[in-house]
> 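Following this message is one structure expressed as structure tokens.
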Amino acid sequence: QVQLVESGGGLVQAGGSLRLSCAASGRTFSYAMGWFRQAPGKEREFVATISRSGANTYYVDSVKGRFTISRDNAKNTVYLQMNSLKPEDTAVYYCAASIFASTSAYSGDVGWYDYWGQGTLVTVSS
């Protein structure tokens, strides 16, 4: 069983920045990780993903150049640095782990992930 705990959400003005963290339980951090978000009345959507090794990352087009996903395997933590935030980034942000991924694999598919956190709310005011 893998437990994921997100933190770092909050209220920020448009143009501002936030850094989300997701701490994972377990003896090792051998998971591919992803960030997703869900706005009110909308489906959960992919935001960013990073492979087990950290060598490969992938982003949804709407956040490219503004968001950066990274990981610290020594701390069992994945991060999402969000800059130049826009009101349309307002959502509950979830991290997810894929425990069977190979070292270099990553995916934006919700169904590829095995474990999910409870989410952290990000609100961007205009």
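What's counted below: heavy atoms across the whole structure, side chains too, no hydrogens, waters or symmetry copies.
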> Contact between Trp35 and Phe67 at the side-chain level, heavy atoms closer than 4.5 Å - yes or no?
no
> Search all heavy atoms of Ala39 against all heavy atoms of Ala91 and return the closest pair with its distance.
N-CB, 3.8 Å
> Quick check: closest heavy atoms across Ala105 and Ala32, and the distance to 0.1 Å?
O-CB, 3.8 Å
> Find the distance between CD (Glu6) and CG (Leu121) and round it off to the nearest 0.5 Å.
11.5 Å
> Using 0.5 Å steps for rounding, measure from the OG atom of Ser7 to the OH atom of Tyr93.
15.0 Å
> Would you compute the distance between atom CD1 of Ile99 and atom CG of Asp114 and round it to the nearest 0.5 angstrom?
4.5 Å
> Between Thr49 and Tyr113, is a side-chain contact (heavy atoms from CB on, under 4.5 Å) present by the stated rule, with each step listed?
CA-CA 11 Å; Thr49 181; Tyr113 293 87; 2.8 Å; yes
> So do Arg44 and Trp116 actually touch side chain to side chain, heavy atoms under 4.5 Å?
yes
> Set out, in order, the CA-CA distance, both residues' side-chain angles and the distance that settles side-chain contact (heavy atoms from CB on, under 4.5 Å) for Leu80 and Val47, then state yes or no.
CA-CA 10 Å; Leu80 185 68; Val47 176; 4.2 Å; yes
> Return yes when atom CD of Gln38 has more than 12 non-hydrogen atoms of other residues, nucleotides or ligands closer than 6.0 Å, and no otherwise.
yes
> Side chains of Tyr115 and Ser25: any donor to acceptor distance under 3.5 Å?
no
> Give the intermediate values and the outcome of side-chain contact (heavy atoms from CB on, under 4.5 Å) for residues Ile50 and Tyr31.
CA-CA 9 Å; Ile50 187 166; Tyr31 322 126; over 6 Å; no
> Which pairs with one or both residues in residues 66-126 pass disulfide bond (SG atoms under 2.5 Å apart), sequence neighbours excluded?
Cys22-Cys95
> Which is it for Val92 and Thr120 under the side-chain contact (heavy atoms from CB on, under 4.5 Å) test, yes or no, and what are the steps along the way?
CA-CA 5 Å; Val92 177; Thr120 185; over 6 Å; no
> Applying ring pair (Phe, Tyr, Trp, His ring centres under 6.0 Å) to Phe46 and Tyr59, what does each step give before you reach the verdict?
CA-CA 8 Å; Phe46 164 73; Tyr59 301 87; 8.1 Å; no
> Can you tell me how far CG of Leu85 sits from OG1 of Thr90, rounded to the nearest 0.5 angstrom?
8.5 Å
> side-chain hydrogen bond (donor to acceptor under 3.5 Å, both in side chains): which pairs involve residues 68-89, sequence neighbours left out?
Ser17-Asn83, Arg37-Asp89, Arg66-Asp89, Arg71-Asn73, Gln81-Asn83
> Just how far is it from atom CE of Met82 to atom CD1 of Ile69, taken to the nearest 0.5 Å?
12.0 Å
